[in-house]
Amino acid sequence: MKLVIINDQEVRAETIAKEILSLVKEKPNAVLGLATGSSPIKTYQKVIELAKKDNIDFSNVTSFNLDEYINNPDFTQSYRYFMDTHLFNFINIKKENTHFPSLEGLKTYDEEIKKAGGVDLQLLGIGADGHIGFNEPNTPFDSLTHIADLTEKTIQDNSRFFASIKDVPTQAVTRGRQSIRNAKKIILIATGKNKALAIEKTFGKVNEATPASLLNRHPDATIYCDEEAASLLKK
Ligand code: GLP
């Protein structure tokens with residue numbers, strides 16, 4: 001697993017955006033695994049900016065998002081809405097090629113990814129407790145797309161996006177640890193002190209208690225973070 005520390009948000013986002021765009025240039029029908037949350041927002045802005053500048057064609061790209069809330073009364077808080085308004089509406093990806101896990105498609109999501117050729121590049125954020133997607137601590141190593149009960153900590157952390165904590169959905173559909181590990185390349189973004197413990201644990205022993213520790217066993221995984229998120233790592 002590679003660690004890249006870049007404090008400047010613009011430079012960090014541009015570096016990651018360039019990785020995504022060079023993949024799409026090289027492989028116009030690339031399969032992207034995409035994430036939501038505040039961590040990838042700047043990267044998506046850079047993808048939009050550079051794709052426009054360099055005329056990058058996303059019309060044959062397919063995407064599979066990591067997760068989606070269940071029983072979410074507010075569409076503007078859905079991950080579909082997030083992706084439309086932060087990325088999809090501003091590049092020429094075809095909406096029918098953008099996928100989200102759902103209750104109805106629970107059993108077939110991993111199969112669909114396989115049929116599309118597998119994820120070439122998976123973008124990830126990380127929860128303060130080390131969760132990725134909505135794979136909360138102690139999600140089995142071999143899990144595929146499944147229904148996840150969100151922990152109190154995650155509900156609390158995600159409540160900042162909702163009017164009240166009571167509005168935060170308590171369940172989601174998420175790709176599992178195995179589904180994420182299957183990606184050919186993984187990029188995880190983590191910034192701020194709030195993520196320092198999670199990053200320390202990610203570099204520790206691969207275990208079920210820290211879902212992100214699966215990156216340790218992945219042949220092509222890179223963590224992009226700032227000094228704060230890396231502050232508990234030994235030199
Ligand atoms: C949510 C998402 C995760 C994301 C995490 C961290 O729980 N399901 O995919 O990584 O939040 O979000 P943020 O980047 O806003 O800190």
Side-chain angles (χ1 to χ4, degrees), residues 6 9 12-13 16-17 32-47 63-72 74 76-83 85-87 98-103 106 109 119 121-139 143 145-162 165 167-177 179-181 183 186-202 210-215 221-226 228-231:
I6 304 176
Q9 192 192 197
R12 191 174 55 243
I16 303 167
L32 301 178
L34 299 175
T36 53
S38 47
S39 304
I41 291 180
K42 195 77 198 163
T43 298
Y44 293 148
Q45 284 170 8
K46 287 286 172 192
V47 167
S63 73
F64 289 91
N65 260 78
L66 273 176
D67 44 14
E68 182 59 281
Y69 289 123
I70 301 176
N71 296 327
N72 176 10
D74 184 356
T76 65
Q77 292 301 337
S78 70
Y79 287 167
R80 154 61 74 187
Y81 184 84
F82 176 100
M83 291 307 302
T85 53
H86 285 96
L87 181 66
T98 63
H99 305 276
F100 289 77
S102 65
L103 272 183
L106 190 65
Y109 203 59
V119 169
L121 190 159
Q122 176 66 53
L123 211 55
L124 292 177
I126 186 168
D129 58 2
H131 75 255
I132 46 175
F134 274 124
N135 288 270
E136 296 284 19
N138 300 318
T139 307
S143 54
T145 300
H146 62 280
I147 297 173
D149 293 320
L150 311 194
T151 61
E152 283 303 320
K153 172 82 182 127
T154 299
I155 293 172
Q156 183 74 46
D157 285 350
N158 288 358
S159 67
R160 68 189 192 280
F161 300 113
F162 291 81
I165 193 159
D167 299 334
V168 186
T170 55
Q171 285 191 312
V173 181
T174 182
R175 287 195 8 240
R177 293 179 76 170
S179 350
I180 294 171
R181 198 170 46 231
I186 299 181
I187 290 179
L188 185 146
I189 309 167
T191 56
K193 273 205 186 96
N194 187 35
K195 303 291 171 72
L197 194 59
I199 292 300
E200 184 190 27
K201 286 190 192 159
T202 299
T210 307
S213 64
L214 69 84
L215 270 71
T222 306
I223 296 189
Y224 282 90
C225 59
D226 61 2
E228 284 191 351
S231 59

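In listed order, ligands and their atoms are each counted from 1.
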Next item on the list: Over 60° means perpendicular and under 30° means parallel, so classify the ring planes of Y69 and F162, tilted if in between.
Entry: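 Rings of F162 and Y69: perpendicular, over 60°.
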
Query raised in the report: Relative to each other, are the rings of F82 and Y79 parallel, tilted or perpendicular (30° and 60° limits)?
Result: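 Because their plane-to-plane angle is over 60°, the rings of F82 and Y79 count as perpendicular.
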
query: With respect to R80, which candidate in T98, T36, N65 satisfies the side chain to side chain donor-acceptor pair (under 3.5 Å) definition?
result: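 Answer to the side chain to side chain donor-acceptor pair (under 3.5 Å) test with R80 among T98, T36, N65: T98.
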
Practice prompt. With rounding to the nearest 0.5 Å, note down the distance linking CD in Q122 to CG in L188.
Written response: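 Q122 CD to L188 CG: 10.0 Å, rounded to 0.5 Å.
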
- What residues, two or more places apart in sequence or in another chain, satisfy salt bridge (Lys or Arg N to Asp or Glu O under 4.0 Å) together with R181?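 Listed in chain order: nothing, the list is empty.
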
- Without hydrogens or angle criteria, can the side chains of R160 and S38 be said to hold a donor-acceptor pair below 3.5 Å?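 Yes - a donor-acceptor pair under 3.5 Å links their side chains.
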
May I have a table of the N/O to N/O pairs between ligand 1 and the protein that fall below 3.5 Å, each row giving the two atom names and the distance to 0.1 Å?
{"unit_1": "ligand 1", "atom_1": "7 (O)", "unit_2": "H131", "atom_2": "NE2", "d": "2.8"}
{"unit_1": "ligand 1", "atom_1": "8 (N)", "unit_2": "D67", "atom_2": "OD2", "d": "2.8"}
{"unit_1": "ligand 1", "atom_1": "8 (N)", "unit_2": "G133", "atom_2": "O", "d": "3.2"}
{"unit_1": "ligand 1", "atom_1": "10 (O)", "unit_2": "I126", "atom_2": "N", "d": "3.3"}
{"unit_1": "ligand 1", "atom_1": "14 (O)", "unit_2": "S38", "atom_2": "N", "d": "3.3"}
{"unit_1": "ligand 1", "atom_1": "14 (O)", "unit_2": "S39", "atom_2": "N", "d": "2.9"}
{"unit_1": "ligand 1", "atom_1": "14 (O)", "unit_2": "S39", "atom_2": "OG", "d": "2.5"}
{"unit_1": "ligand 1", "atom_1": "15 (O)", "unit_2": "S38", "atom_2": "N", "d": "2.8"}
{"unit_1": "ligand 1", "atom_1": "15 (O)", "unit_2": "S38", "atom_2": "OG", "d": "2.6"}
{"unit_1": "ligand 1", "atom_1": "15 (O)", "unit_2": "R160", "atom_2": "NH2", "d": "2.8"}
{"unit_1": "ligand 1", "atom_1": "16 (O)", "unit_2": "K195", "atom_2": "NZ", "d": "2.6"}

